[in-house]
Amino acid sequence: MVKNANAPCDLMLFGALGDLAQRKLFPALYQLERAGLLAQGSRILAIARTKATTADVREQLFEKLRYHVKDSEFDAGVANAFLQRVDYLLLDFTDPEGYGALREWRDEPNNELIVYMATPPSMYGVIARNMKATSCCNEKTRVVVEKPIGHDLESSRVINDELGEVYHENQLFRIDHYLGKETVQNLIALRFANNLFASQWDQNHISHVEITVAESVGIEGRWGYFDQAGQIRDMIQNHLLQLLCLMAMDPPADLSADSIRDEKVKVLKALKRITPDMMDRYVVRGQYTAGTSNGKPVPGYLEEEDANKGSATETFVALKAEIDNWRWSGVPFYIRTGKRLPEKLSQIIIHFKPAPHYIFDPDQKHLANNKLIIRLQPDEGMALKILTKDQGLDKGMRLRQGPLELTFSETFEAERIPDAYERLLWEVMKGNQYLFVRRDEVEYAWRWVDEIIANWRDSGEPPKRYAAGTWGPVASIAMITRDGRSWYEDA
Ligand SMILES: NC(=O)C1=CN([C@@H]2O[C@H](COP(=O)(O)OP(=O)(O)OC[C@H]3O[C@@H](n4cnc5c(N)ncnc54)[C@H](OP(=O)(O)O)[C@@H]3O)[C@@H](O)[C@H]2O)C=CC1
Ligand SMILES: O=C1O[C@H](COP(=O)(O)O)[C@@H](O)[C@H](O)[C@H]1O
């Protein structure tokens with residue numbers, strides 16, 4: 001295990017008592033402490049507007065850690081040692097007068113300064129300006145901001161401009177937590193460390209690709225935010241398009257942040273526009289109605305707490321993305337994501353083309369496509385479906401499809417898969433931007449998604465209904481069936 005590989009840092013965490021900080025960020029920092037990865041002398045300033053003392057906040061955080069960290073990974077001694085690093089500052093982020101206290105807190109100015117804005121995006125510009133005006137940051141400060149960066153291309157430009165007035169692009173770490181997932185990073189290793197796949201990764205060998213990110217949860221308690229966003233802004237604009245980029249990009253020259261991001265941007269630029277006349281065939285929008293989840297009855301989207309009964313916000317999107325470039329011409333990427341689907345499951349299926357000349361039983365021709373299944377979560381791993389001869393004297397040359405299987409928890413047993421935020425915080429501490437999203441990526445993604453949203457708005461068509469606990473509207477099945485294909489189901 002790498003110990004204390006980072007220089008000591010001062011982490012200022014704005015929004016420290018909010019949901020993200022308590023549920024994800026502090027548990028991730030605790031895990032870094034447990035792994036010995038927080039440098040001696042690293043400190044954390046929790047900043048929020050609740051009246052409380054440092055002692056109160058440490059006590060509250062201890063309880064939150066106990067709740068959010070798995071029992072088998074919770075160590076009270078480590079938690080207490082970790083909390084000694086935490087101080088609390090009461091601040092209204094909009095009040096420039098209060099920022100002097102941030103400067104005073106820094107008693108070791110040589111520590112790297114990391115500013116994490118776990119706040120509504122409307123606060124990013126305000127915090128940045130106040131930090132600058134009070135000389136709380138400089139050109140070395142690293143700044144972490146959360147998604148969503150805006151609501152559309154225009155608003156994302158405003159936020160990026162505000163941040164850009166104070167910080168250079170090389171100081172900005174825009175989070176897309178999917179990039180912090182080990183299995184997502186593994187896509188880079190899979191594609192570029194295995195020449196077996198690298199040489200097959202194009203329209204000559206692949207017929208189509210499926211990306212599914214399914215969630216079994218509904219909107220519980222987040223209706224206000226979600227209803228403004230919908231599944232396309234919440235998931236497709238960021239996580240799903242990032243997965244698509246990692247699957248489709250050309251090999252980067254090296255693993256540097258800009259080499260990887262340059263290649264991702266080329267994919268986003270090459271995404272074929274989905275124009276109004278294409279919508280029926282290329283996009284399905286759904287909203288869940290009452291149904292079941294894990295065997296229990298659950299309400300529909302419009303019956304959730306705080307719901308506006310007339311909302312036409314989508315909780316499911318399926319679409320066919322096409323990439324207009326040499327490598328992917330004619331290869332559709334079928335993408336679907338939704339809330340209240342039957343299970344939590346993120347996977348990518350690469351469907352290879354059949355061999356050019358088929359010599360086996362004509363009845364088995366449908367089997368003759370190799371598939372690579374990449375399971376991102378849960379049960380992380382991959383399987384390559386290959387064809388073999390069925391065993392037995394009476395079977396002749398009958399074919400059978402079976403998996404070459406790599407389940408990470410079995411093959412690399414006992415290695416804990418870190419949460420995405422652990423990886424991302426660790427990379428910020430090292431100053432490595434390759435798992436963070438550059439401004440142009442955000443903007444090209446919005447450009448593509450905005451057009452789809454505008455088409456929905458102009459058509460006035462409501463989302464199609466699907467019962468909670470099903471795989472979305474039947475139109476999503478029809479969309480792929482029209483192309484003579486089906487969503488992959490493990491048999
Ligand atoms: N929660 C999650 O799972 C995810 C969140 N995100 C993003 O992370 C960011 C934070 O989200 P989340 O933690 O859920 O939001 P919360 O609303 O739970 O937390 C934000 C915190 O910022 C504080 N705050 C807001 N304005 C001010 C102000 N003027 N002065 C002082 N404090 C202020 C709020 O204080 P108060 O409570 O007093 O209003 C609150 O504690 C958002 O950008 C969100 O989109 C992204 C992905 C997932
Ligand atoms: O960013 C978000 O992601 C979560 C899904 O993340 P996962 O790591 O659990 O797959 C989603 O529930 C949420 O709506 C969205 O804002």
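What's counted below: heavy atoms across the whole structure, side chains too, no hydrogens, waters or symmetry copies. Small disclaimer: the values here were computed from a predicted structure and weren't measured. Remember, it's 1-based here, ligands and their atoms both numbered in the order they're listed.
Between Asp234 and Lys147 a salt bridge is recorded (basic side-chain N to carboxylate O distance below 4.0 Å). The pair Arg157-Glu154 does not count as a salt bridge, with every side-chain nitrogen at least 4.0 angstrom from each carboxylate oxygen.
At least one side-chain heavy atom of Leu255 sits less than 4.5 Å from a side-chain heavy atom of Ile260. Side-chain contact between Arg416 and Glu422: present, with at least one pair of heavy atoms (C-beta onward) separated by less than 4.5 Å.
Gln171 pairs by the side-chain hydrogen bond (donor to acceptor under 3.5 Å, both in side chains) definition with nothing, not counting sequence neighbours.
By the 30° and 60° cut-offs, the orientation of the rings of Trp201 relative to Phe197 is perpendicular.
Closer than 4.0 angstrom to ligand 1 by heavy atom are Gly15, Leu17, Gly18, Asp19, Leu20, Arg23, Arg49, Leu91, Asp92, Phe93, Ala118, Thr119, Pro120, Pro121, Met123, Tyr124, Glu146, Lys147, Pro148, sorted by chain and number. Within 4.0 Å of ligand 2, heavy atoms belong to protein residues Lys147, His177, Tyr178, Lys181, Glu215, Arg222, Asp234, Met235, His239, Lys339, Lys344, Gln377.
Taking the centre of each ring, Phe62 and Tyr30 stay at or above the 6.0 Å mark.
Among Arg174, Gln433, Arg439, the single residue meeting the side chain to side chain donor-acceptor pair (under 3.5 Å) criterion with Glu169 is Arg174.
Listed by first then second residue, pairs satisfying ring pair (Phe, Tyr, Trp, His ring centres under 6.0 Å) with a partner in residues 116-173 read Phe173-Phe436, not counting sequence neighbours.
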